[in-house]
**Q** 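Here it is, the structure in full.
Every chain is numbered from 1, with letters handed out A, B, ... down the list of sequences.
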Number of protein chains: 2
Amino acid sequence: MGVNLTHSMQDYLKTIYMLTADHTRVPTTRIAQTLNVQPASVTSMIKKLADCHLVDHQSYHGVALTESGRSAALEMIRHHRLLETYLSTALGYDWADVHEEADRLEHYISEEFEDRIASLLGNPLYDPHGDPIPGRDGVLPPTPRLCLLDVPAPATVVIRRVDSSQRDALVFLSTRGITIGATCTVVQKASSYVVIDLAPTSKTIRLPNAIGQRIFVDRV
Amino acid sequence: MGVNLTHSMQDYLKTIYMLTADHTRVPTTRIAQTLNVQPASVTSMIKKLADCHLVDHQSYHGVALTESGRSAALEMIRHHRLLETYLSTALGYDWADVHEEADRLEHYISEEFEDRIASLLGNPLYDPHGDPIPGRDGVLPPTPRLCLLDVPAPATVVIRRVDSSQRDALVFLSTRGITIGATCTVVQKASSYVVIDLAPTSKTIRLPNAIGQRIFVDRV
DNA sequence: GGTTAATTTTAGAGATGTCTAAATTCGTAG
DNA sequence: CTACGAATTTAGACATCTCTAAAATTAACC
Ligand SMILES: [Mn+2]
Ligand SMILES: [Mn+2]
Ligand SMILES: [Mn+2]
Ligand SMILES: [Mn+2]
């Protein structure tokens with residue numbers, strides 16, 4: 001039973017994990033949309049995962065991960081985020097390009113490979129987008145959640161995380177020098193945009209809300 | 001048609017390439033043994049490869065690569081040997097451990113990944129076992145072919161390549177400090193073994209013919 | 001509470017890559 | 001030159017993961 005997970009099983013587990021961050025059950029259709037497959041395909045994979053005790057499936061009422069399903073998902077997320085960090089730090093990839101490569105390789109690296117890149121990187125806690133990297137023990141560092149748009153106007157913040165789900169936004173940000181760890185001052189808040197001064201150059205940047213929404217910070 | 005090759009198709013092409021180094025056709029059974037599958041499975045895969053014009057199959061008379069089959073095989077061998085070199089050089093893998101990891105990853109790295117590790121390694125011509133790495137253009141550097149056992153007794157040589165097909169032999173050699181690029185002097189040749197002095201320490205090592213057979217050198 | 005629309009599951013099929021068992025072909029030994 | 005044994009292919013099956021189309025279930029509205 002469930003020791004050897006196929007590439008597909010791992011993708012489903014990872015997706016279910018992501019979609020159940022709020023600890024509720026996730027409906028079939030949601031998984032289908034995310035993985036770009038038909039709902040019928042999801043149902044049949046869910047059955048297989050349930051047979052392996054990786055998910056809890058209640059017919060017509062969605063699915064949730066079991067403890068072992070959660071572990072398997074976190075293992076895959078660890079691979080993904082370590083790979084992204086490695087591709088960025090050691091191989092010079094742009095942060096907009098790491099996802100695609102990591103999403104394939106995550107299924108095929110060995111535990112030795114995982115350990116070696118983790119160790120070379122100094123066992124990092126966050127990936128290039130600021131997403132937390134689960135430890136080998138499955139413990140997840142805290143996710144930066146304070147949104148740039150929720151910071152009142154005159155305030156200095158450090159950029160801790162960006163939403164990495166849209167490549168365009170990542171390119172927009174890196175083009176303007178906005179990266180994880182950068183310090184900036186929020187100088188003006190309008191209804192549809194926010195203006196920041198980016199340290200150390202004090203370059204002034206106007207960010208549309210659609211972008212500001214995707215940036216998470218710590219106040220200094 | 002043959003643009004997108006599956007993992008399996010790539011493994012078959014690589015295997016056929018390896019088994020046709022002598023430019024003859026290779027029989028079905030030989031491929032089956034190498035890939036640990038049944039001859040019937042080889043026949044059905046060969047048909048598919050022939051449909052894609054990657055191999056030339058004459059029923060009951062074996063198979064050979066076409067030009068495009070050869071290119072695809074060399075592309076996979078380039079991935080494999082670059083990965084082995086990278087795992088060894090950048091991640092500190094032992095040369096006995098690189099094969100297994102590279103054999104999986106070779107199918108899943110992108111051309112960008114290939115280019116980046118090649119460039120970081122300084123576009124190496126040989127992998128950690130001394131096997132030649134095909135260029136992006138498919139050109140293969142020369143394979144060191146002078147066997148240690150064929151060198152007359154008092155002679156100084158540089159170790160250029162070892163047969164990497166048996167893990168045990170690789171462990172045996174690295175345990176004794178024998179690596180690619182090492183210089184040694186052949187001091188005695190007996191019928192069942194050869195004695196060498198390994199520079200720079202002048203450590204004397206007696207190698208059984210079964211091992212010596214697997215070492216290829218350049219005379220100095 | 002019954003009807004209806006959306007969601008979900010079931011049923012059946014195709015693609016891929018493997019297997020076993022049976023049939024075919026080849027080459028050689030008598 | 002024929003018959004035999006080995007190699008190879010064919011035939012039919014199974015596992016995996018996907019699809020489309022049809023049936024079943026749910027939930028919500030009147
Ligand atoms: Mn994936
Ligand atoms: Mn990321
Ligand atoms: Mn392989
Ligand atoms: Mn090698």
**Q** Starting at NZ of K47(A) and ending at P of dT18(D), how long is that distance when rounded to a whole Å?
**A**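 Distance, rounded to whole Å: 15 Å.
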**Q** In whole angstrom, give the distance that lies between atom CE of M45(A) and atom P of dT9(C).
**A**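 My rounded result for the distance is 14 Å.
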**Q** Would you say S8(A) reaches dT18(D)'s phosphate, i.e. side-chain N/O to OP1/OP2 under 4.0 Å?
**A**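 So the side chain of S8(A) is within the cut-off, an N or O lying under 4.0 Å from OP1 or OP2 of dT18(D).
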**Q** Taking any heavy-atom pair under 4.0 Å as a contact, classify S44(B): base, sugar-phosphate, or nothing.
**A**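 The residue S44(B) makes base contact.
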**Q** Could you tell me whether R136(A) and E111(A) have a side-chain N and a carboxylate O separated by less than 4.0 Å?
**A**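 A salt bridge links R136(A) with E111(A).
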**Q** I need the CD-P distance between Q58(B) and dT9(D), as an integer number of Å.
**A**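 From Q58(B) CD to dT9(D) P: 11 Å.
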**Q** Ring centroid separation for H99(B) and H80(B), is it under 6.0 angstrom?
**A**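 Yes, the ring centres sit under 6.0 Å apart.
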**Q** By nearest nucleotide on DNA chain D, pick out whichever of Q38(A) and A40(B) is the more 5' one.
**A**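 The residue whose closest nucleotide sits nearer the 5' end is A40(B).
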**Q** Give me the residues of residues 10-19 of chain B where at least one heavy atom lies under 4.0 Å from an atom of DNA chain C, by number, or none.
**A**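 Y12(B) - these, ordered by number, are the residues of the stretch whose heavy atoms sit under 4.0 Å from the strand.
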**Q** One thing to verify: whether K14(A) and D103(A) come together as a salt bridge, which I'm taking to mean a side-chain N less than 4.0 angstrom from a carboxylate O.
**A**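 Answer for the salt bridge query: yes.
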**Q** For the pair made of CD1 in I31(A) and C1' in dT7(C), what is the distance, rounded to whole Å?
**A**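 In whole Å, dT7(C) C1' and I31(A) CD1 are 13 Å from each other.
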**Q** Just wondering, are more than 12 heavy atoms of other shown residues or ligands nearer than 6.0 Å to CD in E112(A)?
**A**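 Count over threshold, so yes.
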**Q** Consider the side chain of T6(A), meaning its heavy atoms from C-beta on, and name the nucleotide among dT9(C), dT16(D), dT18(D) that approaches it most closely.
**A**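 For the T6(A) side chain, the nearest candidate turns out to be dT16(D).
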**Q** Would you tell me if any nitrogen or oxygen in the side chain of T43(B) comes within less than 4.0 Å of OP1 or OP2 on dT10(D)?
**A**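 Answer no for this pair, as no side-chain N or O of T43(B) is under 4.0 Å from OP1 or OP2.
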**Q** Taking CD from Q33(A) and P from dT7(C), how many angstroms apart are they, rounded to a whole number?
**A**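 Between P of dT7(C) and CD of Q33(A): 9 Å.
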**Q** It should be established whether T28(A) places a side-chain nitrogen or oxygen under 4.0 Å from OP1 or OP2 of nucleotide dT7(C).
**A**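 The answer is no; no side-chain N or O of T28(A) sits under 4.0 Å from OP1 or OP2.
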**Q** Base, sugar-phosphate or nothing for H57(B)? Non-hydrogen atoms, less than 4.0 Å.
**A**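 Sugar-phosphate, no base atom in range.
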**Q** Flag this pair as yes if the NZ/CZ of R161(A) is under 6.0 angstrom from the six-membered ring centre of Y126(A) and inside a 45 degree cone about the axis; otherwise no.
**A**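 Because its charged atom misses either the 6.0 Å distance or the 45° angle limit, R161(A) does not stack over Y126(A).
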**Q** Suppose we call a contact any N or O donor and acceptor under 3.5 Å apart; does that hold for the side chain of Y60(A) and the base of dT9(C)?
**A**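 Side chain to base: no pair present.
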**Q** Indicate the ring-plane relationship of F113(A) and Y93(B), choosing parallel, tilted or perpendicular according to the 30° and 60° boundaries.
**A**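 Rings of F113(A) and Y93(B): tilted, 30 to 60°.
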**Q** Assess the side chains of Y108(A) and H7(A): does a donor N or O sit below 3.5 Å from an acceptor N or O?
**A**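 Judged by distance alone, the side chains do pair up.
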**Q** H61(A) side chain N/O closer than 4.0 Å to the phosphate oxygens (OP1, OP2) of dT7(C)?
**A**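 Indeed not, no polar side-chain atom of H61(A) lies that close.
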